[in-house]
Amino acid sequence: MVTDKLAAFGRLGLDIIASLGRSGRFLAGVLGGVSKPSVAFPLLLKQLYSIGVLSLAIIVVSGLFIGMVLGLQGYTILSDYGSEAAIGQMIALTLVRELGPVVTALLFAGRAGSALTAEIGLMKTTEQLSSMEMMGVDPLRRVIAPRLWAGFIAVPVLAAVFSVVGIWGGMLVGVEWLGVFEGSFWGNMQSSVSFTNDVLNGVIKSVVFGFVCTWIAVYQGYDCVPTSAGISSATTKTVVYSSLAVLGLDFVLTAVMFGDF
Amino acid sequence: METGMDTSPYIELRDVVFTRGDRRIFDGVSLNIPRGKITAIMGPSGTGKTTLLRLIGGQLRPDSGTITVAGENVPRLKRKALYRLREKMGMLFQSGALFTDLSVFENVAFPLRVHTSLPEDMIRDIVLMKLEAVGLRGARELMPAELSGGMTRRVALARAIALDPELIMYDEPFTGQDPIAMGVLIKLIRDLNSSMGLTSVMVSHDVQESLSICHYACIIADGQVIGDGKPEELKAHPSERVQQFLHGHPDGPVPFHYPAADAGRDWGIAGRAADGNG
């Protein structure tokens, strides 16, 4: 009995390692193959539109509401100490360092990552990827690479949009509604947000999250069991793994970036 | 590639062994597929007929054995050479496998756009010619979702011959087709083979349709070739298994019953356990 459980545990470990190995080889295959720019660029543009531009709506609306909530909460807490003028820097730091990259990546995984997995999984199930291979076209280059690069590019840009809209939403609530002095809102923000420490670190985070989320999404689609149950489980895995990876990595990155006391 | 007089087989399989998981799908299959002829590969469902096509196309690698296509050993080819070889192959998938985001016209134009640098008006002419050959020139603006099953396969066929391949592989071309669509496909397969000098490989379990058009047929079961030859030779084949498959007898060497435990034990009648699967 004990040996059975031990064996099952070992099997699980081997499966995980094999899967990591497969996804690593997959990534190397996608990034290693270079297509002609005249072919690759239109494909990349199309994907940037469908996973980047079409994600803008959810990013803008979520950014706005999160910024507004931050404004409200920040005002309630800070006004207890009479320091509601610091609301600008609080909102900006929260968004630029944490919520911008993290929430964008989570929304991206839900909106675009799941769609990528389902699309690629369905292409696999309906033999479109196979037929491409048989026509002498490498699906890794033709289908996967443009989607992967589009995700890498889109997530940092979306995170920047999220932070900007969030700060504007915080300003709407803090300044326009609750009456914090506009000069101290922006002035405190400017003096306390550092480009290298805060903005750049936030950008690094969003680049890492974009990389991980898109990698998980395209790999899950490409590796899925080609049945309807397989696609559904792959889509679920994309969202679950992406979310866990983003939150886990966020802690690690934060500890490395800001843990230096 | 070579002259029309070449009589060497276009595809040669020698002692091919292929296992998937714990299951041995092919256990030493050897097979010659003649050049310029229609070869039907038949066998019960689940015997790995589609797997055989994927082995020929290099999408899967055998555990051992050689697969030679047009003089090249497919499992040993490097990626680039394999992709170049595939430009000489066309494959018709069971589902058609059309790209759902492209129109009929663009589906057929896809291999031309990727592999050639022909000007747009020439691509248009070629695509229309290929669509005309399958009788769907008028359907060029439709999207794959608007096509019937038979039309989907015809578009896929037009796409498979877009680059004028030397070899075309059909994966279950007749499955799920109504009689008219089936008649159209049979005519197309026969006409394309003779007019383009193609080597055609057809995987199917539709015995009558396959035997009516093929020059050569081979039956695979349990990982091995159990019978092969010209259609008339096969019909007179002495093997009981071949006869059972060709005539669709429900019981015979391939048993009606899936292997099961003693029936007596299953129903709790211990005394009758020896009766087996009654």
Side-chain angles (χ1 to χ4, degrees), chain A residues 11 14-15 18 25-26 28-43 45-47 49-51 54 115-116 118-147 150 221-223 225-228 231, chain B residues 50-51 53-60 69 74 77 79-102 107-117 144-145 152-153 155-165 167-172 201:
Chain A
R11 176 79 193 231
L14 285 177
D15 283 350
R25 277 183 55 187
F26 166 81
V30 177
L31 298 181
V34 182
S35 300
K36 277 185 288 181
S38 59
V39 178
F41 193 65
L43 293 172
L45 274 188
K46 195 174 164 198
Q47 291 309 320
Y49 177 76
S50 73
I51 70 180
L54 294 184
L116 280 177
E119 186 189 17
I120 295 171
L122 205 61
M123 287 179 88
K124 182 178 183 183
T125 309
T126 53
E127 297 177 312
Q128 293 183 45
L129 296 182
S130 272
S131 75
M132 216 176 252
E133 249 178 36
M134 287 305 299
M135 276 185 253
V137 180
D138 189 346
L140 288 185
R141 293 187 191 176
R142 181 88 195 182
V143 176
I144 309 292
R147 286 167 173 77
Y222 192 76
D223 198 51
V225 181
T227 57
S228 41
I231 295 178
Chain B
T50 304
T51 308
L53 294 187
R54 288 183 191 271
L55 285 166
I56 294 172
Q59 290 188 310
L60 297 171
V69 177
V74 175
L77 285 181
R79 187 185 165 283
K80 207 168 180 181
L82 180 62
Y83 273 94
R84 210 163 31 232
L85 179 65
R86 282 182 185 156
E87 290 174 32
K88 297 185 198 165
M89 302 179 181
M91 179 149 168
L92 182 70
F93 285 84
Q94 197 172 346
S95 61
L98 295 181
F99 303 132
T100 40
D101 55 337
L102 300 179
N107 262 289
V108 181
F110 181 84
L112 294 164
R113 290 194 202 285
V114 176
H115 290 302
T116 70
S117 42
T152 303
R153 264 177 228 194
V155 174
L157 189 54
R159 188 178 66 177
I161 58 170
L163 287 172
D164 292 327
L167 166 70
I168 184 156
M169 298 189 272
Y170 301 94
D171 186 3
E172 301 281 6
V201 183

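Chain letters run A, B, ... following the sequence lines, proteins first and then strands; every chain starts at 1. Below, all heavy atoms of this structure are taken into account, side chains as well, without hydrogens, waters or symmetry copies.
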| field | Region of R84(B) that comes under 4.5 Å of a non-hydrogen atom in chain A | value | neither
| message | So for R113(B), is it side chain, backbone, both, or neither that comes closer than 4.5 Å to the heavy atoms of chain A? | response | neither
| query | More than 12 foreign heavy atoms under 6.0 Å from CZ of R79(B): is that the case here? | reply | yes
| note | Comparing A97(B), A162(B), G90(B) against chain A, the one with the most heavy-atom pairs below 4.5 Å turns out to be A97(B)
| Greatest number of heavy atom pairs closer than 4.5 Å to chain A - which of T100(B), L82(B), L92(B) | T100(B)
| task | Is it possible for you to check whether R142(A) lies under 6.0 Å from the centre of the six-membered ring of F110(B), through NZ or CZ, and within 45° of that ring's axis? | result | no
| said: Any side-chain to backbone donor/acceptor pair from R86(B) onto G57(B)? Under 3.5 Å, distance only. | reply: yes
| said: Between E127(A) and F93(B) (side chain of the first, backbone of the second, donor and acceptor by atom type, cut-off under 3.5 Å), is there such a pair? | reply: no
| Under 4.5 Å from any heavy atom of chain B - which part of K124(A) | neither
| Which one of M89(B), R54(B), E87(B) satisfies the side-chain contact (heavy atoms from CB on, under 4.5 Å) criterion with M134(A)? | M89(B)
